[in-house]
Each structure stands twice: as C-alpha cells, then as structure tokens.
Trainee: 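The structure under discussion is supplied below as structure tokens; questions concerning it will follow.
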Amino acid sequence: MKDYSSLPPVHVVLESTSGRLARERFGHDATVGAVRMILENERRLVGEGNLARSADILGGLVLAQLEKGAVSSLRPVLNLTGVILHTNLGRAQLPEVAIEAAVAAMRHTVALEYNLDDGTRGERDEHLRSLICELTGAEDATIVNNNAAAVLLALNSLACSQNVLLSRGEMVEIGGSFRMPDIIARAGCHLKEVGATNRTHRHDFEAAINEETALILKVHTSNYRIEGFTSALSTAELSMLAHEAGLPLMEDLGSGILTDLSAFGLSGEPSVREVIKAGADLVTFSGDKLLGGPQAGFIVGRADLISRINKNPMKRAMRVDKIRLAALEAVLRLYLNPKELPRLSPTFMFLARTRHKILMMAQALCEPVQTLLGQDYLVKVCELESEVGSGAMPTKGLPSAGLAISAVQKTASVEGLQQRLRLLPVPVIGRLKHDCLFFDLRCVEGAGRVMDALEKLKL
Ligand SMILES: *Cc1c(COP(=O)(O)O)cnc(C)c1O
C-alpha cells in the first residue's frame, strides 16, 4: 500500500525545527533545494512500500546534508603515510613564522611592487633576491609559480626554436604530467637526445653541439637511480664543455637544498650552492620540496640570463602573489641560522626524528588504539622506513616506526577500516601493504593528535 499522501509538503519541512535552522545557516534557496532532494528520495522509498517519515525527521536529514556539503574536501588530514613531502597531501607544512607572514600579507596591503625608500615602482622579486643569492651563491634570482614553470620559462626564454641537449639517462617523468621531453617541446625548443640510457660521454655531447644549439640541460634524476654499467657527466664536466662551446648550462635540481643535510643522515643530494659552484649557469628548484616552504619555483644563476628570463612575457603569467612571497621570505630567513631548522621548520623536524623517538610514540599509542578498534583488529608496534618524498633520495629510507593494524575477525577488513578513517572529520591516511594498515608516526606533532582524530571513530 503506497501512501504518498503521508509525504509532508516542502513548506512543512521548511518550517520544522531543523528546517528553520537550516534556512538560518545556509539560506532559503539552498535549503529548499535540499528539501526537494530529500523529499524526492523519500517518495522513492514510499514507492517501495515504506512509510513516509515525519517532517521533523526529514528536516534533520536536510540539515545534515547541508552540513556535509559545507565541509571542505580540502581539509587538514593526518599524514601517517611515512612520506614527509607527499605531493598528493600538499607537500611541505609551513613553519609558524611563514604562516604568520602569509596571514599578515593576506590581511593587509603590502609594498609588493613599491619602493619604500623613494616611493618609486619596485619589483616583486626584489624582496627575496638578495636573500636567495646569499643562500645559494648565485648572482641573481627570479621566482615563479612552481618548479615546472621555472623550467618551462627558462627554456622558452633562452632556447625557443633552438636545440636543447639532454642526456638520455635524464629524460625524467615527475609523476602525472611533468615529462622532460614534453616540457621542452612545450617551451618551443627542440630536444636533442644525447648518449644512451645508462651511459652518456663527453664525446656524445661534443658530437651533438652545432650552430642550432642554445643550451645544455642537466636534470636531477629525482625519483630513480640508474645503477650498474653507467656513466654520466658531472655538473663540473658539463659546464666546462658548455662554456668551451659558448653555451649556458642549466640544471633542474627539483628539490631545493639550501643547507648541509648530512647532519640529518642524508647525503648524496647536491645543494643549490654546490651546483652553482660547479659551474651551472642556471639552477631551477622547488619551494615546497626539501626547502620546506609554499609551492614556488626558483631560477637562480647568471644575471644576464635571469634578465632575459624576466623580460619574457610568460614571466607575468607565472609570477607569485604577495601571500606566497611573504611566506617564502620567512622560510628563507630560517636558513640564515640552519641549526634552528629542526625546531622551526616542520619538514626538518620530521626529517630529524630518530627511530627511537618515533618508537616511543608508537608504544604510547598502541594500547589506546587497540582499545578503540576493539577485538576485530590487532594493533602492534613495528619498525618502518619513511621516505622524504617529492623526488628526494628515492632509494633511501629513513629508519622509522609506527603501528601495524591487521583484521583478526572475518567480519572486519583493513580496507573497511581505511575507508572509515578517510571519512573522519580529520581523515587519517595510513599506508596499506600486505593486508596490513601501517601508521608511520614520523610526521605527526604528537600522539595526542592521532588519538583526537581516532576518537571520532566511536560515533
Ligand atoms: C619535482 C620536480 C619538478 C617539478 O617541480 P614542481 O615544483 O612540482 O613543479 C621538476 N623537475 C624535477 C627534477 C623535479 O624533481
């Protein structure tokens, strides 16, 4: 017996307690839209033989739906993946000083392109230029939206319609859509592949250089290593060769390392200063990888080349806004006193954490998490390996620790748990491997954060 007459009309749901609350918070039109949707669904249920629910209950559903729609999908999550600079989770967390600088720049007008000394028009990159030069040993610098833009802009400015030489061992793809050959083509340049995948020699480059050549490019193999029977030219060797031929050498470093990382047990990644010193004429790098700042791309190096880049109209399309410039400046200032980085920069704080420290956090969390998840799951402390992420040190793990969660009842699954964790107000993102859900605790400020997020599972 289908009784559609028991369905309350729209205006009655709108007048219910929750309906009124919904209108107050989300406005009349949005609420009416939600009421229509809920009633449509209810009509379908009645059609299937169910009894219509009261206007009050339906009003509650309307309010819940509007509230759900108002929660941003770009919300903070707990990164328990063990990847410090996780591209899909927004890479670096900014230092507090940078957040404050960004907030001040958002709230106020700032002297972005205004010279406070004499009231003339200024230049937005000027605020950071001397700082970057000091930290890298470069002559000049320019800043754009991200490192992909930096590469594109530099190539287009210096080698449009001409040849760019790149070793076949360095045809990098950085996840998704950034592929060196494609970027070179889109910059309007002709790629000349040099050498073989595993071996490229000096004579390969010499044979490839002709009057059409505008630039030699070296790309950091950020996310892979070629091992075995290999040969490649160092920055110093390539720069000598380039300069003998009267060509600039540009090196795309990816991660912008501005300080000695050996104190963190990380070695083998060249710093920007080292690459400049070795003779690269231009170096490009990211703001939100190991540098630990907001998304940005830097081009540093010879002043005459930077000047040509700044004259390219594409620069205007890639420039950064006041908010990011303010944050970047604050991050760069931290490098003037690198000893303090582990205290002030979350990226360095996470890098510096020892397995011992992380293990203690895991031990403190094990029992409360087990109690929370109940008999369906088994929670154990385990040793793990974290990664730097974003194409830094791809083959080197950082000794870490955390929790391993497995399902012990047939009715439970780790995939199901993973889904529930994703739906939390502060979603908890772990790593699924071998039927086990791992929580790597390297990148959380404290055990309390994890418990606060997980508590909501009970509801
Ligand atoms: C990461 C990376 C890029 C891209 O940098 P974004 O800041 O993500 O645009 C380019 N080149 C290399 C070598 C990289 O590692």
Side-chain angles (χ1 to χ4, degrees), residues 83-94 128 132 136 141-156 159 164-187 189 191 215-226 232 234-235 238 249-258 261 266 268-272 274-276 280 282-301 309 314-315 317-321 324-325 327-328 331-332 347 387-396:
V83 181
I84 302 177
L85 300 161
H86 199 303
T87 297
N88 298 353
L89 300 180
R91 294 193 183 159
Q93 281 174 247
L94 296 206
L128 273 69
I132 298 168
T136 60
T142 194
I143 305 142
V144 288
N145 195 36
N146 55 23
N147 187 36
V151 174
L152 188 67
L153 178 65
L155 289 174
N156 180 265
V164 170
L165 308 189
L166 176 64
S167 162
R168 286 202 167 90
E170 297 176 1
M171 302 281 163
V172 179
E173 175 185 308
I174 309 290
S177 49
F178 185 92
R179 279 181 159 185
M180 225 9 115
D182 298 342
I183 291 286
I184 292 171
R186 286 294 170 144
C189 312
L191 168 63
L215 183 119
I216 296 183
L217 181 61
K218 183 170 174 59
V219 179
H220 187 55
T221 56
S222 293
N223 46 11
Y224 66 98
R225 290 283 178 269
I226 295 180
S234 69
T235 305
L238 263 184
L249 170 68
M250 170 168 145
E251 182 156 345
D252 177 24
L253 261 189
S255 228
I257 297 174
L258 300 181
L261 292 180
L266 304 173
E269 294 277 309
S271 72
V272 180
E274 280 164 354
V275 174
I276 289 282
L282 284 178
V283 182
T284 54
F285 56 95
S286 280
D288 55 353
K289 293 189 181 173
L290 269 173
L291 199 139
Q295 181 186 300
F298 293 88
I299 311 171
V300 306
I309 290 167
M314 276 168 76
K315 167 75 200 291
M318 299 172 175
R319 70 182 189 185
V320 267
D321 64 303
R324 267 191 289 165
L325 281 174
L328 273 177
V331 173
L332 290 173
T347 302
E387 292 167 43
V388 177
S390 282
M393 287 153 263
T395 51
K396 206 162 159 179

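Both counts, for ligands and for their atoms, begin at 1 and track the order of listing.
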Trainee: Look only at interatomic distance and state if S390 has a nitrogen or oxygen under 3.5 Å from any nitrogen or oxygen of ligand 1.
Mentor: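 No - when backbone and side-chain N and O of S390 are compared with those of ligand 1, no distance drops under 3.5 Å.
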Trainee: Restricting to non-hydrogen atoms, name the atom on M171 and the atom on L166 that form the minimum distance, rounded to 0.1 Å.
Mentor: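 Where M171 meets L166 most closely, the heavy atoms are CE-O, 3.6 Å.
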Trainee: Is the closest N or O pair between F178 and ligand 1 shorter than 3.5 Å?
Mentor: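 Min N/O separation from ligand 1 is not below 3.5 Å for F178.
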Trainee: Just let me know how I174 lines up against ligand 1, side chain, backbone, both or neither, with a heavy-atom cut-off below 4.0 Å.
Mentor: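 Under 4.0 Å from ligand 1, I174 contributes side-chain atoms alone.
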Trainee: Of the protein's non-hydrogen atoms, which lies at the shortest distance from atom 9 (O) of ligand 1, and what is that distance?
Mentor: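 Ranking protein heavy atoms by distance from atom 9 (O) of ligand 1, first comes A148 N, 2.8 Å.
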Trainee: Nearest protein heavy-atom contact for atom 5 (O) of ligand 1: which residue, which atom, what distance?
Mentor: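 The answer is N147 CB, 3.1 Å.
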Trainee: Go through I309 and L282 one step at a time and tell me if the side-chain contact (heavy atoms from CB on, under 4.5 Å) criterion holds.
Mentor: CA-CA 11 Å; I309 290 167; L282 284 178; 3.8 Å; yes
Trainee: Write down the atom of S390, the atom of R91, and the distance for their closest heavy-atom approach.
Mentor: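 The answer is OG-NE, 3.1 Å.
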Trainee: Just to be sure I'm reading this right: ignoring hydrogens, which of L253, L85, D252, I183 gets closest to atom 11 (N) of ligand 1? Compare them by their nearest heavy atoms.
Mentor: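 Shortest heavy-atom distance from atom 11 (N) of ligand 1: D252.
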Trainee: Which atoms form the tightest heavy-atom contact between N147 and F285, and what is the distance?
Mentor: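 Closest approach of N147 to F285: OD1-N, 3.2 Å.
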Trainee: Short question: side chain of R324, backbone of G293 - any donor-acceptor pair under 3.5 Å?
Mentor: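 The answer is no, because no donor-acceptor pair under 3.5 Å joins these two groups.
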Trainee: Verify, without hydrogens or angle tests, whether E274 (side chain) and S271 (backbone) share a donor-acceptor contact under 3.5 angstrom.
Mentor: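 Checking the backbone N and O of S271 against the side chain of E274, a donor-acceptor pair under 3.5 Å is found.
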Trainee: Considering only heavy atoms of S286, which atoms of ligand 1 have at least one such atom less than 4.0 Å away?
Mentor: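 Under 4.0 Å from S286, ligand 1 has these atoms: 5 (O), 6 (P), 7 (O).
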Trainee: Under 3.5 Å, N or O to N or O, is S255 touching ligand 1 that way?
Mentor: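 No, S255 has no N/O under 3.5 Å of an N/O on ligand 1.
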Trainee: Heavy atoms only: give me the nearest L325-L128 pair and the separation to one decimal.
Mentor: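 Between these two residues, the closest heavy atoms are O-CD1, 3.8 Å.
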Trainee: When you measure from the side chain of N223 to the backbone of E173, do you find a donor-acceptor pair of N or O atoms at a distance under 3.5 Å?
Mentor: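 Yes, N223 side chain to E173 backbone: donor-acceptor pair under 3.5 Å.
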Trainee: Where on Q295 is there a heavy atom closer than 4.0 Å to ligand 1, on the side chain, on the backbone, on both, or on neither?
Mentor: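 For Q295, there is no contact with ligand 1 at all, from either part.
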Trainee: How far is atom 15 (O) of ligand 1 from its nearest protein heavy atom, and which residue and atom is that?
Mentor: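 So the nearest neighbour among protein heavy atoms is S222 OG, 2.5 Å.
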Trainee: Out of curiosity, is K289 lining ligand 1, as in a heavy atom under 4.0 Å away?
Mentor: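 Distance cut 4.0 Å: K289 passes for ligand 1.
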Trainee: Which of the atoms of ligand 1 are close to H220, meaning less than 4.0 Å from one of its heavy atoms?
Mentor: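 Near H220, meaning under 4.0 Å from one of its heavy atoms, ligand 1 has 13 (C).
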Trainee: Is ligand 1 under 4.0 Å from a heavy atom in the side chain of R91, in the backbone, in both, or in neither?
Mentor: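 Contact part for R91 vs ligand 1: side chain (C-beta onward).
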Trainee: Would you say the side-chain atoms of S255 and E269 include a donor-acceptor pair closer than 3.5 Å?
Mentor: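 No, because no side-chain N or O of S255 sits under 3.5 Å from a partner of the opposite role on E269.
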